[in-house]
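Chain naming here is simple, since letters A, B, ... match the order of the sequence lines and numbering starts at 1 in each. These numbers were taken from a predicted model, which means no experiment stands behind them.
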Amino acid sequence: MISPERPPGEEDRVPGTAGSLLAFFEDLRSEGVAVGTSEILDAFAALEQVSWTDQRDFREALASTIAKSQEDRRVFELLFDRHFFRAAEAEALQHEVQEERYDGSDRLDLDELREAIRQAISAGSDGEMRDLARLAISAFGRRGERSGVIGVDVQRIRRALELQARGGSDGEQAALDPQEVRRFEQHLRRELERATIERTGKLPPSRPLAELDRTLPTSPTQDLAAVHRAVAQMKRRIATLGHEQRGRRRGRVVDVRRTMRASLETGGVPLRLRYRPKRPRRPEIYVLCDVSTSVSSASVFFLSVLHALHDSFRKLRSFVFIERISEVSDIFEHERDFRKISERVSSEGGVADVSGYTDYGRVWLEFGEEIAEDLGPRSSVIVLGDARTNGREPHAEIFGTIASRAGRTFWLNPEPRLYWNYGDSVMAAYEPFCDGAFECWTTKHLEQFVNVVAGGRPADLTRGS
Amino acid sequence: MPDAEQPRSVAEVREGLGEAGYLADESSALVSFLAQRLGKPVLVEGPAGVGKTELAKALSRHTGRPLIRLQCYEGLDEAKALYEWNYRKQLLRIQAEAGGEAEPPEGSWEATRGDIFSEEFLFTRPLLEAISAEMPVVLLIDEIDKTDQEFEAMLLEVLSDFQISIPELGVIEARTRPLVLLTSNNSRELTEALKRRCLYLWLDYPSVERELEIVRLHTPELDEGLARRMVEVVHMVRQLDLKKPPSIAESIDWARTLLLVGAEDLDRETFEQSMSIIVKHRSDIDLVAERVAVKLGDATPPAGAAGQTQA
C-alpha cells in the first residue's frame, strides 16, 4: 500500500508528513497547478477531518482542496500516484525492504490468466488488477520476453493478453471499458517500475509530465481521445461565449419605449431604465485549411472544432487545399468521428494534384474565381496554413483582393512565430492583408482565436501587427 | 454563531444521503462531509445531468435544513440575488406622510429616511435570506457559470465571511452558517478568487454499477436484468459524440417508461420506440439509431428499420 508517511530521499526537505505534502504541492506548482497558501491551509484543515489510513479519503480530501478544475484534477491524479509511489519506494530502498514475488507462476496457464484479467478489468477491482498485473509480469518474465524498457514491455504484455482498449469490433469478445484497461496498464507499468527499482536499488529521475495534452495534434498517431476531449471541452466553453456579451452593462442602449412602459408602475416617473438587448454577432465563416502533410492534423482538428460550433455561425463553409482547393463542408455535416473525418478529407478532398506540395498562389486564384463572389462585409475568411509556398509564386495581390471583399480576414499559422518567414515561408507577404495573424500550435491558442471569431474580445491575443 | 449538528464520519454522511434518496460516491460523500466540518462552500462541476443539483437537495433532506436556491442566469444582479428596496412601498410611505399633514414638522425627513430604509421596506433575495435565516440552511447557487464575472466578485463577501453589506443598514452577518453549494457546467472558467474559497467536487457520469443502483432505487419494481441492460445501453449511448448525452434523470425516466409499457426485454423495437426519452436531438436520434439500435437483438426481423436509419 502506498503510505503518505515520510518524504522521499531528498535532503533539503522538511521532515515528516507535512514536508512530504509540501514537496507534493511544490511538484504540482511546477506542473502549473495554482496552489496558493490558502489552498494548502485548507488541505491541512481537511486532512484533520478524515482518516489517513484510507487512501481514498486521503486522496479525495487533498484533491477537493487543491485541484480546482478538471484539468488540475488530471494533473493531480498523475502526480499523486507518481509522488507517493516514489516516496514509498524511496522509503523501501532506505530500509531495504523487498516485496515478495509470487513464484508459482510456472503453474499458471496463460489462458486462465487472460480470463482472470478480463474479469478483473470488467469488474473494475483495483486490488485484484494489481495482483494480476504482477502475475502477468512474472509469467512473461519467465518466458524471457522482457525487453527492459517499461513502455515496450507494457505493450507486449497487453498484446499477449489480447486486451484491446477499443473492445472487440468483431463482436467475439465483450468490449472492455477502455478506461479500466488503461488502469490495468497503469498497474502493469507501476509494477514493472517497482521491479526495476528493486533490481537497481535507486529511483529513476523524476520528469515533468508530457505536454502532449496541451499541444495541438501534429501527427495522426497522437491520442485521439485527447483530441476528442479537447474538442468537447472547447465546444462547451465556446458555445456560451457569444452570449456573455449580452449580459454586459457597458455600451447598452436605452430602449425608450420599454422604459416609458415600465414607468407606468411608478406613476410615470421612469425609475427603471430598460435597455435594448444586444444581438449576438453571428458571422459567416469561410475557412481555408492547408492539408498538406506538414499541417494536416492541425487543420482537420481546427475544422472539427469549428463544425462542432456551427450553431454560433450564420454560415460555415470549409475548404481544404494543397495544390488545388476543394469544399468539404458536407463531410463534417455527416461524420462526427475525428478519425473518420481525417480519412475522408484525405481520400475525397482530391486536392493533391501532382506533386503534393502546397501551391498558395493557385489556391488564391481558384478561390477568387469560384467563391470570392459570395463574400461580403459579414463574412470572415480564416486561413490555416504555414504559408510555405515551396518556392512558388505567392500571388499575394489576389489574396489582397479576397481579403478586401471579406469583412474580416484571419490567418492562423500552426508554426511558432519564431519560424515565420524563414525558409520558404512567405508569411510577411500575406500578413498585411489580414486583420490578424495568429500563431496557433496549442489548444489554448485555438480557443482564444475561436473566441475572437465568435465575437469575444481580442484583448488576450498577441496581435500580429 | 451556533452550528448545526455536525456529522462524525464520511460513512455517516454517505448513509444519510442514501436515506435521502441520493447514492453518493466516495468523493461526493467526502466533500459533503468536509463542507459541513470546515464550513466551506463547495463548487460542484460536471456535465449536465449528473445530479449536481440533486446533491444539494439530498443534503437538505439529509440534514433537515431548508433549501434556498438561487438560479443564476445572464444578467443576474444584486437586486435579484441579495436584496432590493421596495421603492413602491417607500413611495407610498412618503406620500402618506405628505398627504396627512399640510406642513411637515421639523426633522421629519430624518425620521422618514430612518423609517423607509428599514427592514420593513427591504425585499430579501435568496442570498440575504440564507444569511439571515434563523435556522441553518442549505444554499444552492445553481449554474454559477451563467453569470458574469462581476457577480462572482460580489459573491466573494458572502462566501468567505458569510456577511452582506447594505449601505443604508450596515453589515448583516450570518446568524447561522449556511451549507453552500455552487454548481457549474464548466461553460466558462470561473475566477481563481472564487475557486480559492471553495472545495472542489467533479461529478461525472456514474459507472454502470452505480447507475444501476440509482435506477433500482427509483424503480424497484423493474426487473433487474432489464434494468442492467437498459443502463448498459445508456452507457453505450453516452460513448457516442452526442449533442446532449442522456442524464441520470433521463435514465430513470426511461426505466419508468419501460415499466409503464410493460417491456420484458430491451429489443430493437422497444428501443426505437422509447429512445426519444433519452435522446432529444434530431441528429442525435439518427446517430443512436445507426450505432446502438443495430447492436440490440431483434425481436422482429428489421424490415423497415435498416432503411430508416439511413434517412
**Prompt:** side chain to side chain donor-acceptor pair (under 3.5 Å) between B/T191 and B/E152: does it pass, once the steps are laid out?
**Reply:** CA-CA 8 Å; B/T191 56; B/E152 254 177 64; 2.4 Å; yes

**Request:** Look at A/D72, A/I66, A/D42, A/D54 and state which one has the largest set of heavy-atom pairs under 4.5 Å with chain B.
**Result:** A/D42

**Message:** Are A/F24 and A/F76 an aromatic pair, judged by ring center distance below 6.0 Å?
**Reply:** yes

**Segment of B/E209 engaging chain A (4.5 angstrom heavy-atom cut-off)** = neither

**Prompt:** Honestly, is B/K146 close enough over B/Y73, meaning NZ or CZ under 6.0 Å from the six-membered ring centre and within 45° of the axis?
**Reply:** no

**Message:** Using heavy-atom distances under 4.5 Å, tell me whether B/R196 contacts chain A through its side chain, its backbone, both, or neither.
**Reply:** both

**Request:** Pick one of side chain, backbone, both or neither for B/Y87, based on which atoms fall under 4.5 Å of a heavy atom in chain A.
**Result:** side chain

**Prompt:** For A/R56, does the CZ atom have more than 12 heavy-atom neighbours from other residues, nucleotides or ligands under 6.0 Å away?
**Reply:** no

**Prompt:** Relative to chain A, which segment of B/L199 carries a heavy atom at a distance below 4.5 Å: side chain, backbone, both, or neither?
**Reply:** both

**Asked** Would you say the side chains of B/E78 and B/Y83 form a donor-acceptor pair under 3.5 Å?
**Response** no

**Stacked cation flag B/R125 on B/F123, 6.0 angstrom / 45 deg** = yes

**Asked** Top residue by heavy-atom pair count (under 4.5 Å) with chain B, among A/E48, A/R59, A/E60?
**Response** A/E60

**Asked** What part of A/Q49 lies closer than 4.5 angstrom to a heavy atom of chain B: side chain, backbone, both or neither?
**Response** both

